[in-house]
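Both ligands and their constituent atoms are indexed starting at 1 by order of listing.
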Amino acid sequence: MTLDAEAIDQVAQELLDRETERRDGGRVTESFPGLDIDSAYRVQHELLARKVAAGETVIGVKLGLTSRAKQIRMGIDSPLTAVLTDAMVIPNGEPLLASELIHPRVEPEIAFVMRERLEGPGVTAATALAAVASVHAGLEVIDSRFADFSFALPDVVADNASSARFVVSPYGVDPSTLDLWLEAAVLALNGEVVDSATGAAVQGHPAEALALAANDLASRGGAIEAGSIVLTGGMTDAVAVAPGDEILVRFTHLGSITLPIGEGAS
Ligand code: OOG
Ligand code: MG
């Protein structure tokens with residue numbers, strides 16, 4: 001089963017409307033049972049095309065559901081790729097404005113900035129890491145357009161993997177100086193540790209996740225461009241946040257990110 005062009009447009013517009021109007025809704029796999037993985041990526045592509053037409057710039061890619069912690073929580077055991085734009089960036093130290101989102105959650109991620117273009121198929125973790133310029137602390141803010149973050153794989157692919165905002169630390173570290181397997185992140189909410197993990201949680205190694213992204217994008221004619229940012233996926237389960245909260249994620253060698261949660265204009 002698949003969806004025709006008109007249905008693809010309709011689903012993309014519905015998900016964009018939910019984002020703009022800050023409301024969640026039911027699964028599109030229920031209203032459009034023909035939404036398979038292929039058509040879901042076509043919806044994601046259409047949704048991003050509309051964001052770009054509205055003035056946003058694509059600045060990178062992200063992986064979703066690359067750790068067991070995330071896969072178990074979301075009930076989906078298959079990773080996916082999605083697209084990052086400049087409108088999603090929160091500069092390090094600036095607050096998240098919660099009223100701009102529906103039901104935000106945050107998750108620590110290891111981020112790469114690419115020196116070289118990476119194009120599959122056949123990319124390995126070693127060739128992927130050789131194309132990386134620098135490694136950074138990352139914190140992603142996800143905000144599903146589905147009620148209670150309840151979705152099947154085609155839903156979350158269509159929804160650009162719940163992408164909303166992200167922070168990447170400005171200080172990059174040379175990948176050759178790090179053992180990313182052992183690079184740890186500790187996540188604290190209002191001063192209390194809520195979770196921790198190492199890079200090994202992400203596809204066995206964040207470079208495996210990077211290779212997976214390059215190979216997966218290649219199957220749809222895509223590539224990871226030089227200079228782009230890659231978020232390799234939540235290392236731990238995501239944590240819900242509300243105005244007044246403060247999130248701290250601290251890594252072994254990548255530094256830390258503080259994210260105050262503000263209200264913002266509603
Ligand atoms: C889907 C997005 C997954 C990650 O890092 O695993 C993701 C979700 O959990 O809503 O960004
Ligand atoms: Mg994520």
Cation-aromatic face contact R220/Y41, 6.0 Å, 45 degrees: yes
- prompt: Quick one: CG on N160 to CG on D143, what's the gap to the nearest 0.5 Å?
  reply: 12.5 Å
- request: In plain terms, say whether R117 and E119 are close enough for a salt bridge, that is, a side-chain N and a carboxylate O under 4.0 Å apart.
  value: yes
Short side-chain to backbone donor-acceptor contact, W181 and G204, under 3.5 Å: yes
- prompt: Distance only, no hydrogens: is a donor on one side chain within 3.5 Å (strictly under) of an acceptor on the other, for S169 and N92?
  reply: no
message: Other members of the hydrophobic cluster containing V113, with the 4.5 Å side-chain heavy-atom rule, please.
response: I59, L84, M88, V89, F166, V168, I229, L231
Passing candidate, side-chain contact (heavy atoms from CB on, under 4.5 Å) with E46, options L15, V11, L16, D9: D9
task: Answer whether the closest heavy-atom distance between the side chains of F149 and I142 falls below 4.5 Å.
output: yes
- line: Joining Ile, Leu, Val, Met, Phe, Trp and Tyr whenever any side-chain heavy atoms lie under 4.5 Å apart, the cluster holding V193 also takes in V186
query: Closer than 2.8 Å to the Mg ion (ligand 2), which protein N, O or S atoms?
result: E107 OE2, E109 OE2, E140 OE1
message: So if I only count non-hydrogen atoms and take anything under 4.0 Å from ligand 1, which residues does that give, chain by chain?
response: K62, L63, G64, L65, K70, M74, E107, E109, E140, I142, F149, F151, V156, A161, S162, G233, G234
